[in-house]
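Small disclaimer: the values here were computed from a predicted structure and weren't measured.
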Amino acid sequence: MKILFIAYPQYADFEIAHTLFFLRKAGKATIVTATVNGTSVESLGGLYTSSQLAIEDVSLQEYALILLSGGDGIDEIMDNQHVQSLLQEAVSLQVPIASICASAVLLGKAGLLQNKAFTCLPNTYEMFKKAFNGAIYTGANIEVSDAFITAKGTAFAEFTVAVGRTLRIWKDEGHAAHTLRFCKGDL
């Protein structure tokens with residue numbers, strides 16, 4: 001199973017850390033990192049993330065999921081046509097998109113949230129309200145549909161479990177519950 005992670009300058013590495021861990025550990029997934037121009041980026045936490053390819057070179061048929069982190073640099077890629085086209089193609093190919101926090105802006109800018117329930121942090125919603133025109137903001141910790149998972153940046157534990165459910169990597173609901181407790185530090 002291959003997962004496409006789209007990285008950009010100042011992405012929130014902490015929001016997806018547990019998700020990446022469980023995708024690799026429980027899902028035996030290969031993570032492929034793409035950036036807008038195929039070059040390395042620095043995360044909010046100061047991690048330098050190497051890119052394996054540019055977004056325009058991605059062949060979506062190879063991937064089981066697209067993973068999008070939130071972060072302070074979302075405005076640097078939200079109007080990028082290659083990003084928008086890739087996300088639109090994912091929906092048409094039924095490749096699920098897991099979007100946490102500010103990355104919901106990318107879904108909105110690609111026109112994918114029309115009449116769809118989604119969530120992110122309230123300040124993200126207010127700051128980028130125009131990108132969400134026609135979408136249904138719930139303010140819930142997480143929203144899951146056939147095409148998308150959206151979550152608040154503070155709901156990374158629930159996000160991890162939802163991604164695992166979407167990809168069917170949990171052995172059973174007990175495994176999913178154990179993962180949630182692990183991510184929340186309740187073990």
Side-chain angles (χ1 to χ4, degrees), residues 1-60 62-80 82-84 86-87 90 95-110 119-121 123-124 127-128 131 141-142 148-164 166-167 169 179-187:
M1 169 173 38
K2 285 174 71 173
I3 307 300
L4 180 66
F5 169 55
I6 298 177
Y8 56 91
Q10 300 301 298
Y11 76 88
D13 44 25
F14 66 92
E15 291 176 348
I16 57 165
H18 286 116
T19 304
L20 290 169
F21 171 75
F22 281 103
L23 283 170
R24 289 180 47 93
K25 181 127 175 126
K28 308 295 185 225
T30 299
I31 311 300
V32 176
T33 303
T35 58
V36 168
N37 57 11
T39 60
S40 298
V41 296
E42 183 180 6
S43 72
L44 275 172
L47 298 175
Y48 284 89
T49 305
S50 295
S51 176
Q52 290 152 292
L53 69 163
I55 288 171
E56 66 186 77
D57 297 327
V58 170
S59 175
L60 273 179
E62 301 176 26
Y63 298 96
L65 178 113
I66 296 176
L67 179 62
L68 303 170
S69 179
D72 291 353
I74 203 72
D75 55 340
E76 291 186 39
I77 68 164
M78 68 185 202
D79 292 317
N80 183 282
H82 293 297
V83 172
Q84 291 177 17
L86 182 79
L87 296 176
V95 175
I97 302 169
S99 165
I100 190 164
C101 204
S103 63
V105 172
L106 301 176
L107 301 175
K109 288 295 246 177
T119 195
C120 58
L121 287 173
N123 63 328
T124 299
M127 186 180 301
F128 296 102
N141 280 342
I142 192 160
F148 311 111
I149 299 167
T150 57
K152 288 182 175 178
T154 53
F156 52 84
E158 294 87 348
F159 182 74
T160 298
V161 171
V163 168
T166 295
L167 296 173
I169 65 173
T179 301
L180 185 64
R181 287 193 311 277
F182 175 91
C183 293
K184 289 186 170 194
D186 290 342
L187 292 181

Q | Side-chain heavy-atom pair Leu180, Glu158 within 4.5 angstrom cut-off | A | yes
Q.
Once rounded to the nearest 0.5 Å, what's the spacing between atom CG of Asp57 and atom NE2 of His82?
A. 9.0 Å
In residues 9-19, what donor-acceptor pairs under 3.5 Å come from side-chain atoms, sequence neighbours left out?
unit_1	atom_1	unit_2	atom_2	d
Tyr11	OH	Thr49	OG1	2.6
Asp13	OD2	Ser43	OG	2.4
Asp13	OD2	Gly45	N	3.2
Glu15	OE1	Gly70	N	2.8
Thr19	OG1	Thr160	OG1	2.8

(Q) I'd like to know if the side chain of Thr33 and the backbone of Phe5 have a donor-acceptor N/O pair within less than 3.5 Å. (A) no
Q.
Check the orientation of Phe182 and Phe21. Use parallel for under 30°, tilted for 30 to 60°, and perpendicular for over 60°.
A. parallel
Q.
side chain to side chain contact (heavy atoms under 4.5 Å, CB included), that's the test. Do Ile6 and Leu86 meet it? Break it down for me.
A. CA-CA 10 Å; Ile6 298 177; Leu86 182 79; 3.5 Å; yes
Q: Starting from the C-alpha separation in whole Å, work towards a yes-or-no answer on side chain to side chain contact (heavy atoms under 4.5 Å, CB included) for Lys152 and Phe159.
A: CA-CA 9 Å; Lys152 288 182 175 178; Phe159 182 74; over 6 Å; no
Q) If you take all heavy atoms of Ala151 and Thr119, which pair is closest and at what distance? A) CA-CG2, 3.6 Å
Q.
As an exercise, state the distance from CD1 of Ile77 to OG1 of Thr35, rounded to the nearest 0.5 Å.
A. 9.5 Å
Q: Return yes when atom NZ of Lys2 has more than 12 non-hydrogen atoms of other residues, nucleotides or ligands closer than 6.0 Å, and no otherwise.
A: yes
Q: Return the minimal non-hydrogen interatomic distance between Asp72 and Asp75, and the atom names on each side.
A: O-OD1, 3.5 Å
Q: With rounding to the nearest 0.5 Å, note down the distance linking OG1 in Thr124 to CD1 in Ile74.
A: 9.0 Å
Q: Quick one: closest heavy-atom pair of Phe22 and Ile169, and the distance?
A: O-CD1, 3.7 Å
Q) For the residue pair Ala157 and Lys184, what are the closest heavy atoms and their distance? A) CB-CG, 3.7 Å
Q: Find the distance between CD1 (Ile66) and CZ (Phe148) and round it off to the nearest 0.5 Å.
A: 10.0 Å
Q.
Let's go through Tyr8 and Glu76 carefully: what are the C-alpha distance in whole Å and the side-chain angles of both, what is the deciding distance for side-chain hydrogen bond (donor to acceptor under 3.5 Å, both in side chains) to 0.1 Å, and is it a yes or a no?
A. CA-CA 8 Å; Tyr8 56 91; Glu76 291 186 39; over 6 Å; no
Q | Least distance between heavy atoms, Ser50 atom then Ser40 atom | A | CA-OG, 3.5 Å
With a cut-off of 3.5 Å and sequence neighbours excluded, list every side-chain donor-acceptor pair involving residues 98-109.
unit_1	atom_1	unit_2	atom_2	d
Ser99	OG	Ser103	OG	2.7
Ser99	OG	Ala104	N	3.1
Ser103	OG	Leu68	O	3.2
Ser103	OG	Ile100	N	3.1
Ser103	OG	Ile100	O	2.9
Lys109	NZ	Asp79	OD1	2.9

Q | Contacts of Ile3 that satisfy side-chain contact (heavy atoms from CB on, under 4.5 Å) - sequence neighbours left out | A | Met1, Leu23, Ala29, Ile31, Ala64, Leu65, Leu67, Leu167
Q.
Measuring from atom CG of Asn80 to atom CG of Asn37, what distance do you get when rounded to the nearest 0.5 angstrom?
A. 9.5 Å
Q: Kindly give the heavy-atom pair with the smallest separation between Val41 and Ala7, and that separation in Å.
A: CG2-CB, 3.8 Å
**Q.** side chain to side chain contact (heavy atoms under 4.5 Å, CB included) between Ile142 and Thr150, intermediate numbers included
**A.** CA-CA 6 Å; Ile142 192 160; Thr150 57; over 6 Å; no
